[in-house]
Each structure stands twice: as C-alpha cells, then as structure tokens.
Amino acid sequence: MANLMAAEWQLSALQWCSAPEPAANLQQVRSFLQQLPSFKQHLVVLPECALIFGGPEGWQHRYQEPLGQGHWQQQLVDLACEFQIFLLLGSFPTQSADPKRFSASSLLFSPDGRLLADYQKLHLFDVEVADNTGSYRESDSTMAGEKVTLADCQGLKLGLTICYDVRFPGLMQQLATLGMQVLAVPSAFTKVTGAAHWHSLLRARAIETQCFVVAPNQTGVHANGRETFGHSLIIDPYGRVLADAGVEPGWISCRIDLNELTAVRQAMPLWQHNRFKCELTP
Ligand SMILES: O=C(O)CNC(=O)[C@H](CS)NC(=O)CCC(=O)C(=O)O
C-alpha cells in the first residue's frame with residue numbers, strides 16, 4: 001500500500017504568454033499555483049524562458065545568475081516552499097564558461113528549498129522558420145550544454161530536456177536507458193512549427209520511451225512579435241493525450257500512477273525487443 005501511494009503523483013503544466021520582465025511572470029505563476037489542486041507529491045512545470053521572454057536582442061543577459069544563486073532563482077525556491085511542490089523552471093539564463101553567452105538551464109526546486117537538479121539545453125534552435133521572426137539563432141546568445149540529465153524527484157525519475165531537444169530522439173533513448181519515468185519538455189515552440197509538429201513529436205516520444213510526458217509551452221504574441229503555439233500537453237506512456245491546454249493562458253493538471261509504466265511495458269516490451277539499444281557515453 002505504501003508503495004502504491006508513492007507511485008501517485010500530480011503533474012501540472014502552466015501556460016501563458018511570458019513578458020520580458022520577470023516580476024510580471026512571477027505574479028502569473030503565483031496566481032496559477034493558488035488555483036492548482038493540492039497533492040502531497042506534486043510536480044509543477046513552467047515553460048521554457050518562463051520568467052524572461054520576448055525582450056529585445058540580448059535581453060536575457062541582464063538577468064543571468066550563477067547556477068543555484070541569485071534573486072530570481074530564490075523567488076522560485078520560495079514558491080516551491082510556500083506551495084510545497086516540486087517546481088521545474090523550464091529554463092533560466094545561468095552563467096556559462098563563455099562571458100558572451102549564458103546557459104539555458106532547466107532548474108528543479110524541491111519543497112524543502114533545494115536545487116535538486118539542473119540541465120543545460122543541448123540542442124540550440126538555429127533554424128529558419130516561415131514566420132515573422134524568420135531566422136532563429138539561439139547559439140548567438142546561448143552556450144549548448146554537454147550532459148544528459150535524469151533528475152531524481154523524490155523517487156520519480158524525471159528526464160530533463162528543453163523545447164528543440166524534443167526533435168532528437170537519441171536523447172530520449174539515453175534518458176530511457178537511465179530509467180526515465182516522466183519526460184519534461186518545457187518549451188517556447190513557435191506557432192508555425194508547433195502547428196506542424198508539436199503533438200506528433202511529443203506523442204512519439206511518449207510512445208517510444210513508454211513514459212509520461214509533461215510539456216508546458218508558451219502561448220500567444222510576445223512583446224517582440226514572436227508567436228508561440230500553446231497546447232501544453234500531458235501524455236501517458238501509451239501516447240494518449242491526458243490534457244491539452246489549448247491556446248489560452250491557464251494550466252492543466254493530472255493525477256498519474258507510475259505503476260502504469262509497468263503495465264504498458266509488460267504488455268509491449270519494447271526495451272527487450274529493441275535491437276538498437278544505445279550505449280551511454282560516460
Ligand atoms: O531564444 C529565446 O529567447 C528563448 N529560446 C527559445 O525560444 C527557443 C530557442 S529560439 N525556442 C525553441 O527552441 C523553439 C523550438 C521550436 O519551435 C521547434 O523545434 O520547432
């Protein structure tokens with residue numbers, strides 16, 4: 001019975017149109033947190049760039065902080081403690097080895113106020129898109145990470161990825177090899193590429209890895225004119241969409257049972273059948 005209880009989690013994803021200034025976005029997060037159902041084991045995931053988005057060129061630099069230190073990260077620690085949740089800040093600019101570029105770090109905070117895990121975005125979005133931005137050059141401002149990161153969120157094995165990473169299934173296969181149960185894909189997916197690929201990519205990752213997926217996305221038209229797709233998703237390990245946030249600001253939240261992973265994997269043992277098991281790089 002104790003085990004069964006530990007297998008139950010509440011998963012929530014918040015979605016809104018982030019502004020350039022962190023203070024306004026923090027207010028939004030706080031008001032959503034007040035509305036969420038409460039549950040003992042609750043993981044709340046914020047989108048990529050949740051606190052700082054859509055400012056002019058170079059805008060994120062002015063807010064960058066050392067990893068695990070600084071005013072804005074402390075605000076998230078305080079929220080995790082106040083609401084007694086595990087809180088994943090989709091991405092935040094942290095100092096990198098290159099003074100001209102920051103790392104896009106995904107940060108997991110615990111209800112007792114610790115930084116449990118950090119992950120630096122591996123794949124940078126240097127892509128041409130047929131929208132009003134046209135040319136995205138994330139590597140101008142951001143330094144790519146080097147490490148695959150599986151977080152231990154009080155026993156829940158959480159794969160950390162960010163946005164464009166979702167297009168690289170080799171990463172998810174590595175996370176699956178490490179024992180992933182839930183895949184987090186905090187995003188700022190564009191409206192154009194989202195309409196074409198978002199649901200398909202996320203459902204495929206859930207189906208292939210037989211994991212739950214939680215993917216909060218930005219939504220709407222941001223201060224710099226960039227348009228994001230919304231449709232934050234929670235997906236089960238059989239690929240069923242449990243919740244889709246549509247395009248309005250808001251949140252989705254589902255009670256999940258990690259025992260479902262075993263049932264899905266026993267019925268269809270992809271892991272045993274796979275002839276292409278990935279080798280983990282040290
Ligand atoms: O640069 C910033 O301000 C914040 N970062 C982002 O918005 C990132 C990089 S531009 N967005 C994506 O990765 C979108 C990926 C996507 O839309 C796709 O894969 O189709």
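For the numbers below, each heavy atom of this structure counts, side chains included, while hydrogens, waters and symmetry mates do not. When a ligand or atom number is given, it counts from 1 through the structure's own listing order. Numbers here simply count residues along the sequence, with the first being 1.
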Anything under 3.5 Å between a donor and an acceptor, one on a side chain of residues 233-254, the other on a protein residue two or more places apart or in another chain? List them.
residue: D236; atom: OD1; partner: Y238; partner atom: N; Å: 2.9
residue: D236; atom: OD1; partner: G239; partner atom: N; Å: 3.1
residue: D236; atom: OD1; partner: R240; partner atom: N; Å: 2.9
residue: D236; atom: OD2; partner: R240; partner atom: NE; Å: 2.8
residue: D236; atom: OD2; partner: R240; partner atom: NH2; Å: 3.1
residue: D244; atom: OD1; partner: H231; partner atom: ND1; Å: 2.9
residue: D244; atom: OD1; partner: G246; partner atom: N; Å: 2.9
residue: D244; atom: OD2; partner: H199; partner atom: NE2; Å: 2.9
residue: D244; atom: OD2; partner: H231; partner atom: ND1; Å: 3.3
residue: W251; atom: NE1; partner: Q35; partner atom: OE1; Å: 2.8
residue: S253; atom: OG; partner: Q10; partner atom: NE2; Å: 2.8
residue: S253; atom: OG; partner: S12; partner atom: OG; Å: 2.8

Please set out all donor-acceptor pairs under 3.5 angstrom arising from side-chain atoms of residues 83-97, sequence neighbours excluded.
residue: Q84; atom: NE2; partner: C81; partner atom: O; Å: 2.9
residue: Q84; atom: NE2; partner: P111; partner atom: O; Å: 3.1
residue: S91; atom: OG; partner: C49; partner atom: N; Å: 2.8
residue: T94; atom: OG1; partner: S105; partner atom: OG; Å: 2.7
residue: S96; atom: OG; partner: D98; partner atom: N; Å: 3.1
residue: S96; atom: OG; partner: D98; partner atom: O; Å: 3.1
residue: S96; atom: OG; partner: R101; partner atom: O; Å: 2.6

Check: So which residues, sorted by chain and number, lie with a heavy atom under 4.0 Å of ligand 1?
Finding: E48, C49, F53, Q60, K121, F125, Y136, E138, C163, Y164, R167, A188, F189, T190, T193, R226

Margin query: Whether R255 engages the ring of F39 as a cation-pi pair (distance to the six-membered ring centre under 6.0 angstrom, angle to the ring normal within 45°) should be assessed.
Written below: yes

Notebook entry, point to check: Which residue pairs satisfy the ring pair (Phe, Tyr, Trp, His ring centres under 6.0 Å) criterion with at least one member in residues 129-149, sequence neighbours excluded?
Noted result: F125-Y136

Check: Just by distance, with hydrogens left out, do S18 and Q218 show a side-chain donor and acceptor under 3.5 Å apart?
Finding: yes

Notebook entry, point to check: Quick one: is the NZ or CZ of K191 closer than 6.0 Å to the six-membered ring centre of W198, and within 45° of its axis?
Noted result: no

